[in-house]
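Note that this is a predicted model, so its numbers are computed, not measured. Every chain is numbered from 1 and lettered A, B, ... according to where its sequence line falls, protein lines coming before strand lines.
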Protein chains: 2
Amino acid sequence: MTTIKDIASAAGVSVSTVSHALSGNRPISEPTRARVLAAVAALGYRPNKLAQGLVSKTTRSLGLLVPDLANPFFSAMAEALEVQAHERGYSVILCNTNLDAEREADYLDVLLSRQVDGLLYFPGTSVPNRALQAALEKQIPVVVVDEQIAHVPGVFVDNVGGGRQIGELLAGLGHHRILFLGGAEALPTVQDRLRGLRSSLYSAFNGTDTAVELLLRFGAYRASFGYETVHDCAREGLLGHAAVDAPTAIVAANDLIALGALRALRELSIQVPQECSLVGFDGLEFTMLTTPSLTTVQQPTGLIANSAIELLIDRIDVSLDHRDDYPAARLAPQVVHPVSLVVRESVAAAPGR
Amino acid sequence: MTTIKDIASAAGVSVSTVSHALSGNRPISEPTRARVLAAVAALGYRPNKLAQGLVSKTTRSLGLLVPDLANPFFSAMAEALEVQAHERGYSVILCNTNLDAEREADYLDVLLSRQVDGLLYFPGTSVPNRALQAALEKQIPVVVVDEQIAHVPGVFVDNVGGGRQIGELLAGLGHHRILFLGGAEALPTVQDRLRGLRSSLYSAFNGTDTAVELLLRFGAYRASFGYETVHDCAREGLLGHAAVDAPTAIVAANDLIALGALRALRELSIQVPQECSLVGFDGLEFTMLTTPSLTTVQQPTGLIANSAIELLIDRIDVSLDHRDDYPAARLAPQVVHPVSLVVRESVAAAPGR
DNA sequence: CACGTTCATCAAAACGTTTTGACGAATTGG
DNA sequence: CCAATTCGTCAAAACGTTTTGATGAACGTG
């Protein structure tokens, strides 16, 4: 590896002159700078980030803690976040927590010892997070993505609004018996989506003599949950051609669940959407390839990534400026993005109406 | 941040003693070591990897250059690679090259200046790769994943064998007019899969009076390519109910293309598999959720990741041991994994047979 | 022309580690 | 009981940068 010393001797100047010429931190005469740059180009010099980081106390790297890259929503978010970070000169260290608290703690250690400037954190789980708390205590800037956590800066979407849009669509089509397939029951996103759905259904049918029936099942953000639960319901007589008062629509808390449900419905030869409508959440690319194509709520992954990175870098800058201040109780900004319902083939008017 | 000095003074020993106590590099008496460990625990000391890297010339970090995380095959691979790397104490720096040569070069710079110990490289594109060459010249260990590149260590699957298995399945079911939807024409994976398919078809029908007709289209590893090409073919009269001698099966070079094709076939109301069989490649999780579920060739992502990391770390160790040797012409080991055909609903006997 | 400025450059310290040569103290062997 | 060895520890150098106080040369000013 060629170092700054090599450049210095090649250009016949001191090490500090090279540093100044490259950083612009102090004025350097034009001819000298030219000689330095020529030497840099000739020797293919590349500053060692480790050494830079050691003295500057800043590494321009971010830790990305994501529960499960196999979930396309997370991989889409990871991609968008990495692109945004790179545009701003930050590198991303990828960490697959697999929803495992121990791994999370482990990764946090690694990231801290690697001196990352900030953390992008996807909870993906509902347990009040020890690793997150530890990070916050270490005074390292953290932005939580996708979930809202009190007193921690975060970026997420209007899950209640998304649920409401689904409810309004379904209510307008006469659906009032609905099966909701949630993820983990304690997850705020799941609860919020359900809340929006419920409130819009009740207010739509309020004053009419139609009763809203909302059947709830909780599990995990996985296709297998949707698949198995639909089959379970059929076995229990809640769903299927023999069922009386079967739900006329299924709302899944995310697209993966919906995809699993779709498969099960197919196996049960329940026609979607004629006999049962189906709605997902996330707006995965795949949802437009299924048959029927899936009605879903589109998450603006690019925007989320954009504001998450922006928020995080802001906080990093602040914490750099005030390195030795008292840890003043700072506000925890939270950015909420709107979502939009994408209506596709999987939704139709409630049968018998 | 608490440093090794803090530990030293807290334990009442010298800095080097702390270092030795922690690394085990030199014997330290039991009582002293205990005092050191107690201080470490009490102060929450975490060695600074930057400083460690600076002196040890090794960072225990790998660069992962991946073309497109939105492609689930790549995100699955990224996940598996990260998990394997983490198990071996390595961190992964994620880089989304987006198939853009300039971004690739850019990332290579970043990774080198971050002193990564090695590179995991997914070509994803066919251009003889400048960035890769540059990396190799820099003497940094590289393992190419998913494509075979001459003289560069790599891990990939038996694409020819995969193609052959598809061909054998289809030939056995009487398919001899087949549409092949490739990715980029110059991609070795595409060519290999095609080669396997072609050879098995020819040898199956060799000696019979049935002619093999293989229709080829090339594009990109994207769902949109499959979707549009099927529609194009229909418009050209090659596909559809009006077509004479329409292919009875479509083989896509990967699952994304197959999924796009499936959607288009549906829109054209061509029954899969009754009128047209469909086969993909990769074994994405989604392929079992489609209707009909997709016959595909399963890639062993975990195994690929495992051997890629192993190969890379081997090379890292070698290059560390021989740091100042002549750059001896080393062999470029290549690991090939077998693939297995997963037969699902999307394939049936050729119509009219 | 002497004086204070500005300008360009240099030398040295610092960042947090690991590594290694050195040095007393304790232990062993004859 | 003395020499030789081992043991435990320390101090200092090194890694590749940035930062900063110092220094000398050129310059404008009165």
Nt span of DNA chain C in reach of chain A heavy atoms at under 4.0 Å, 5' end first, is C/dA8 to C/dG16

For residues 66-76 of chain A, pull every pair meeting side-chain hydrogen bond (donor to acceptor under 3.5 Å, both in side chains), keeping only residues two or more places apart or in separate chains.
none

Sequence neighbours excluded, the answer for side chain to side chain contact (heavy atoms under 4.5 Å, CB included) partners of B/Asn48 is A/Leu54, A/Gln115, B/Leu50, B/Ala51

Just to verify, what does A/Phe122 make a ring pair (Phe, Tyr, Trp, His ring centres under 6.0 Å) with, not counting sequence neighbours?
A/Phe74

With A/Ser29 via side chain to side chain contact (heavy atoms under 4.5 Å, CB included) - residues at least two apart:
A/Pro31, A/Thr32

Looking at residues at least two apart in the chain, or sitting in another chain, which of them share a ring pair (Phe, Tyr, Trp, His ring centres under 6.0 Å) with B/His20?
none

Under the side chain to side chain donor-acceptor pair (under 3.5 Å) test, which residues partner B/Glu82, sequence neighbours left out?
A/Tyr107

Return a table of donor-acceptor pairs under 3.5 angstrom between the side chains of residues 34-44 of chain B and protein atoms on other chains or two or more places apart.
unit_1: B/Arg35; atom_1: NE; unit_2: B/Ala11; atom_2: O; d: 3.0
unit_1: B/Arg35; atom_1: NH2; unit_2: B/Ala11; atom_2: O; d: 3.1

I want to confirm an ordering. Mapping B/Arg35 and B/Ala51 to their closest nucleotides on DNA chain D, which one lands closer to the 5' end?
B/Arg35

Bend across the helix from C/dC1-D/dG30 to C/dG30-D/dC1, to 10°, with axes taken over 5 pairs at each end?
40°

Side chains of A/Arg114 and B/Ser91, donor plus acceptor under 3.5 Å
yes

Residues in side chain to side chain donor-acceptor pair (under 3.5 Å) with B/Asp109, at least two apart?
A/Arg46

Using a 4.0 Å cut-off on heavy atoms, which residues in residues 15-34 of chain A reach DNA chain D? List them by number, or say none.
A/Val15, A/Ser16, A/Ser19, A/His20, A/Asn25, A/Arg26

So, using side chain to side chain donor-acceptor pair (under 3.5 Å) as the criterion, who are the partners of B/Asp106 when residues are at least two apart?
A/His86

